[in-house]
Amino acid sequence: MEETNLNQTIRCIVKLGGAAITCKNELEKINEENLDTVSSHLRQAMNLGSCSKQVMGMDWSKRDGVSDISSSLCDFGDQCQFNVDFSRFVVVHGAGSFGHFQASKSGVHKGGLNQPLVKAGFVATRISVTTLNLEIVRALAREGIPSIGMSPYSCGWSTSERNVASADLLGVAKAIDSGFIPVLHGDAVLDDRLGCTILSGDVIIRHLAEHLRPAYVVFLTDVSGVYDRPPTDPNAVLLREIAVDEDGKWSVVKPTPQSMNKQVEITVAAHDTTGGMVTKISEAAMIAKLGIDVYIVKAATSHSLRALRGELRHDIPDDWLGTVIRFSR
């Protein structure tokens, strides 16, 4: 594994949940409203200066349904007005309605590249997830965020029995030090035991957090946080604070449960090949064990903006809706 030597520490790693930025019940459809709001929130959270400065859109290519390129060099004039200083973030997104269908139908997550269907599914999955990655990068770029798409497969990430075996952390570090915001995603990758598998965005975040040590991590989801049962249940209770101890076990702190180490009842969508919320909680607990606070919150809300800005680093306000997962010191 490559050593990473960042010139400065990074502030935050953000996970854009696939269910929050895509329409999960419609194949390969982006939730444009949520993605635009999330992109705006990220700009506000990353901007270290005044938000009144004019945004320099960085998507200079034509989009479907738009006749003109939104920005051109002749619009810029005095470039000093666009000199916005962004804090150091890394963005990782899930696939949502992109990629999961292709992977589950062909069995890519189970391995077996020697099978024609799996090989075809591997190609189809990567076409789908990299398409979404490009659209997310473009949405961020339109907000003036200098985002760079970094697909794990193309950047040399691989696994061994689904555990990260190699990762281009140096490339991520160089991008950050060069003033860019890396945008990674869940991807189909090669596995030295299985042949291939799916590397989830949640696993990528945990690996990045372990080596880059951000100040905090934010998971943006389609629900307000972690519940004690599926949130569609009218009796579901939002777990506001979860503590993780030295051995990785976690317990609910707020609200106080009748019994500690309460197990969360979770459902996972049938097409989800990455474990859904089960994986998210597991990876979040491993990140919290490193001493890094993790916030799970609904995307495109005032609550997620506060989390992205780092306003919850100490006490959690009573009016904040979300789940914080912390190391029990």
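Counting only residues at least two apart or in different chains, salt bridge (charged side-chain N to carboxylate O under 4.0 Å, His left out) contacts with residues 30-42 are absent. Sequence neighbours left out, not one pair with a member in residues 95-117 passes salt bridge (charged side-chain N to carboxylate O under 4.0 Å, His left out). Within the structure, salt bridge (charged side-chain N to carboxylate O under 4.0 Å, His left out) contacts touching residues 285-300 (residues at least two apart or in different chains) are Asp293-Arg326.
With sequence neighbours excluded, the residues satisfying ring-ring contact (aromatic ring centres under 6.0 Å, His included) with Tyr153 are Phe122. In terms of the side chain to side chain contact (heavy atoms under 4.5 Å, CB included) criterion, residue partners of Glu161 (sequence neighbours excluded) are, by chain and number, Arg193. The salt bridge (charged side-chain N to carboxylate O under 4.0 Å, His left out) search around Asp177 returns Arg88, not counting sequence neighbours. For Pro317, the side chain to side chain contact (heavy atoms under 4.5 Å, CB included) partners two or more places apart in sequence, or in a different chain, are Arg306, Leu312, Asp319, Trp320. For Ala215, the side chain to side chain contact (heavy atoms under 4.5 Å, CB included) partners two or more places apart in sequence, or in a different chain, are Arg313. Contacts of His185 classified as ring-ring contact (aromatic ring centres under 6.0 Å, His included), with partners at least two apart in sequence or in another chain: His93. Qualifying salt bridge (charged side-chain N to carboxylate O under 4.0 Å, His left out) partners for Asp247, counting only residues two or more places apart in sequence or in other chains: none.
Looking at Ser166 and Ser158, their side chains do bring a donor and an acceptor atom within 3.5 Å of each other. Residues Ser40 and Gln44 have side chains that bring a donor and an acceptor to within less than 3.5 angstrom of each other. Checked by atom type, the side-chain pair Asp191/Thr159 shows a donor-acceptor distance below 3.5 Å. Counting only N and O atoms by type, the side chains of Glu28 and Ser128 include a donor and acceptor under 3.5 Å apart. Ser160 and Asp192 share a side-chain donor-acceptor pair at under 3.5 Å. When only modelled atom types and interatomic distance are considered, Arg206 and Ser282 share no side-chain donor-acceptor pair under 3.5 Å.
In the hydrophobic clustering (ILVMFWY side chains linked at under 4.5 Å, chained through shared members), Ile127 is joined by Val123. Hydrophobic clustering, defined by side-chain heavy atoms of Ile, Leu, Val, Met, Phe, Trp and Tyr closer than 4.5 Å, leaves Leu305 isolated from every other such residue.
Under the 4.5 Å side-chain heavy-atom criterion for ILVMFWY residues, a single connected hydrophobic cluster contains both Val14 and Leu132.
Salt bridge status for Asp202 with Lys15: present, with a side-chain N to carboxylate O gap under 4.0 Å.
Note: Asp187 CG to Thr125 OG1 = 9.0 Å, rounded to the nearest 0.5 Å. Atoms NE2 and OG1, on His100 and Thr22 in that order, are 8.0 Å from each other to the nearest 0.5 Å. Atom-to-atom distance recorded for Asp59:CG and Arg142:CZ is 5.5 Å, nearest 0.5 angstrom.
Residues Val297 and Ala307 come closest through the heavy atom pair CG1-CB, 4.3 Å.
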